Amino acid sequence: MLFNSIEFAIFLPIVFVLYWFVTNKNLKLQNLLLLFASYFFYGWWDWRFLSLIVFSSTIDYIVGLKLSSTTNESKRKILLLTSIFINIGFLGFFKYFNFFSESFAQAFTLLGQPFEASRLNIILPIGISFYTFQTLSYSIDVYRRKMAPTKDIIAFFSFVSFFPQLVAGPIERATNLLPQFYKKRNFDYLNAVDGLKQILWGLFKKVVIADNCAIIVNDIFINYASYSGSTLILGAIFFAFQIYGDFSGYSDIAIGTARLFGFNLMQNFAFPYFSRDIAEFWRRWHISLSTWFRDYLYIPLGGSRGSTNKKIRNIFIIFIVSGFWHGANWTFIIWGALNALYFIPLLLLNRNRTNLNIAAEGKVLPTIKETINILFTFGLTVFAWIFFRADNVTHALSFIKHLFINFYIEIPNISGIGKWHIFITCILILIFTAIEWMGREGKYAIEKYSRKWNRGQRWGFYYLILLAILIYCKNQQEFIYFQF
Amino acid sequence: MKLFFKKILVFVFPLFLLVVGMGFYLRNMNSLYKEKLSGIIEHANEIEILILGNSHASYGVNPNYFTDYAFNIAHPGQSIYFDKELTLQNLESLKRLKYVFISLDYHSLYFSSQRGERNIWSYYGHGIKHPSEDYNKADISPFLLGYYPRVSFSFLRKDLLAKWKFRNHAQYLDFNTEVGVIKTDVLVKGFVSFSGTNTSDFKNNYYQERMNGHDYLINNSTEEEMVLNELDELITKLHSKGITAIFFSTPTFKDYNKILEPDIITHNNLVIEELCKIYNMEFWDYSVKNDFIKEEFFNPDHLNKKGAERFSKMLNSRLKLYNN
């Protein structure tokens with residue numbers, strides 16, 4: 001079920017009413033409702049893959065209980081490895097089997113031993129990378145004795161499949177989300193209203209910004225050979241806004257929806273395009289994944305301690321694995337490696353933690369230096385996005401080649417897409433960026449934005465956003481991160 | 001909680017009014033579909049010739065230049081499936097029907113389901129459903145899920161603008177039309193026409209763009225067999241009623257014709273030739289072999305009012321010869 005669909009618009013109020021009016025007296029019943037709602041939400045796409053979630057949840061639930069019942073460290077390690085092996089095994093099979101099979105075949109062929117790759121016709125279950133990591137965090141944290149295992153099977157299953165963030169995050173840590181299922185939730189008016197505002201803003205990002213950009217981006221990336229360099233740059237910039245609008249929009253809707261049910265999810269995006277260096281960008285982009293890798297991969301590897309070579313190795317590992325998490329394609333690996341290359345100079349110069357606060361905090365406009373840094377960082381990110389968006393490495397390299405050899409500035413003339421549409425999209429992006437800039441000190445752009453306004457102004461603003469969503473709701477596209 | 005629901009209801013109420021109001025407007029809005037359908041019903045006892053097809057036939061064949069009573073039920077983007085359904089829907093009441101002209105263009109054989117939102121529009125206008133389409137949502141709300149808000153607002157805006165612009169005209173086409181259509185004409189026998197020539201469309205990149213669209217459709221088509229079955233059903237039914245069916249194609253501009261894909265033309269010709277043999281029919285093909293000049297076209301593949309007049313007279317003359 002897509003957040004930007006009529007099905008979800010019907011599903012959400014029904015679950016909301018049942019949650020607060022029918023099951024509100026009994027916590028177990030409330031959790032059970034959430035569990036059924038979550039399975040229904042997921043099963044709407046393909047009910048067969050529900051078995052994967054149930055199986056994964058069962059394994060980690062049992063592993064958690066067993067971990068607490070034994071003090072033998074080698075047994076505990078085996079239990080943890082079982083959880084990791086099964087979860088990563090599923091992920092590896094569904095997501096990476098064909099990639100590895102083809103890559104091995106190519107490698108053997110290059111070495112003069114022609115080898116036929118066996119390809120399986122596998123459907124990738126949506127959200128598998130997200131819920132796998134979420135459930136893994138539980139097993140690891142129990143193993144590390146950071147949290148006690150749960151005996152409440154309904155709470156645990158609900159935690160793994162919690163529908164607002166099931167298919168595209170934020171990837172919640174068991175230490176944050178699971179305890180919220182144990183406690184009685186009380187309806188908080190301000191929290192619920194704020195949740196609705198965040199949903200509204202998320203929908204705006206997705207429907208108005210991302211989906212509009214997608215139409216132009218798709219054409220430019222398919223027919224790149226017939227466009228000038230300036231149009232290709234525009235395509236790459238539009239993709240930067242598309243992926244941000246798409247993914248952070250989803251996160252906003254997820255967080256807002258969770259708030260309607262009395263849950264607090266972690267912030268997943270913190271205005272990453274206003275970052276002044278790549279290190280800051282990665283503290284602000286897909287925070288739940290970055291911190292997951294930091295806690296469960298980077299720090300166990302030694303983090304930023306040890307020799308320079310070890311530091312560089314760790315950075316490469318974390319960025320490449322992060323890239324590979326996004327998809328079974330060399331483009332994602334290169335995208336990750338490119339970001340590692342951007343990051344390493346900052347690490348070596350010990351400047352990776354210089355910009356911890358938001359740009360121009362407490363001010364209206366950034367300084368010239370900040371502006372240059374923001375634009376430079378944005379430029380680096382846009383360049384890396386070309387690899388992320390391309391179908392394969394050849395496509396990405398060819399796109400970049402055309403960008404340089406065919407560089408001249410022109411008004412984009414894209415077949416089937418009027419100049420007016422491009423112009424309007426540019427205007428929408430400018431308005432969007434301005435709103436995001438003004439609201440950058442909040443958790444989402446319009447959080448504090450309208451607090452000084454009277455109700456008429458506030459509602460007028462919300463109606464405008466809603467009208468824009470209505471006008472553009474026909475270009476419905478799937479969320480990009482569903483495929484990861 | 002009560003306050004929350006109260007405020008939600010107050011906030012949503014204007015939106016509810018908008019959805020209901022727009023829904024009412026859209027359900028009652030006039031359209032070319034509705035106009036043509038009411039025309040067929042009104043003149044069912046007079047119609048002797050029926051013109052089917054997509055925009056090429058819709059703007060290219062003027063029934064007023066036929067000796068016998070002709071009626072044009074072609075619509076922009078109309079597929080053979082909808083041609084068939086619309087004809088069969090009214091066949092019993094068309095007592096005097098003698099000829100049915102079936103337009104077969106470069107791309108006609110490749111799509112049964114209409115592109116874009118035309119399946120839904122045909123449903124609203126004619127009540128015809130395509131088997132591949134889910135009409136439940138369109139039934140719930142024409143504003144939110146049928147025409148969608150953007151198109152709905154566009155209809156309303158154009159409607160209001162036309163009402164203002166033509167407020168002093170006794171008659172005008174009071175329904176949404178494509179850009180270039182003569183709004184001050186009167187709809188007679190289902191015919192509306194383009195005025196003048198849109199010279200900016202007579203450029204290679206425009207030809208290429210249109211061809212790319214057609215070639216993409218054709219190369220990715222999975223519906224050719226379906227279209228042939230639909231033709232079979234239509235023609236068999238017409239023949240069983242003693243009605244003569246004639247395939248035809250409208251003229252397209254000579255420079256535009258140069259970039260048509262030869263393989264597709266060859267394939268089309270083979271298929272149509274075979275159909276003509278099977279059903280003992282004729283194909284009056286004017287698409288490539290024609291002497292129409294730029295001034296008779298609105299754009300490279302649509303005739304304007306002037307071109308439609310000459311072409312319709314040609315069809316009428318040929319029909320007379322055919323009868324003899």
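Order of the sequence lines fixes the chain letters, A, B, ..., with proteins taken first and strands second; residue numbering starts at 1 for each chain. Worth saying up front: this structure is predicted, and the values here are computed from it rather than measured.
In this structure, A/Y444 has its ring center at least 6.0 angstrom away from the ring center of A/W201. Less than 6.0 angstrom separates the ring centroid of B/H130 from the ring centroid of B/Y81. Separation of the A/F423 and A/W420 ring centroids falls under the 6.0 Å cut-off. Separation of the B/F297 and B/F194 ring centroids does not fall under the 6.0 Å cut-off.
For B/V19, no part lies under 4.5 angstrom from a heavy atom of chain A. Residue contact with chain B, scored on non-hydrogen atoms closer than 4.5 Å, is absent for A/I469. B/K137 touches chain A through its side chain: at least one heavy atom from C-beta onward sits under 4.5 Å away, while N, CA, C and O do not.
Between A/D194 and A/L190, the closest side-chain pair of non-hydrogen atoms is not below 4.5 Å. A 4.5 Å side-chain heavy-atom check between A/L12 and A/F8 finds at least one atom pair inside the cut-off.
Residue B/H302 comes nearest to B/S55 through the heavy atom pair NE2-OG, 2.6 Å, listed as atom of the first residue, atom of the second, then distance.
Your options are B/F11, B/F153, B/F5, and the one with the most heavy-atom pairs under 4.5 Å with chain A is B/F11.
For the pairing with A/F11, the ring-ring contact (aromatic ring centres under 6.0 Å, His included) check across A/F163, A/W44, A/Y42 returns one residue only, A/F163.
Residues from residues 141-149 of chain B that place a non-hydrogen atom less than 4.5 Å from a non-hydrogen atom of chain A comprise B/L144, B/L145, B/Y148, B/P149, given in numerical order.
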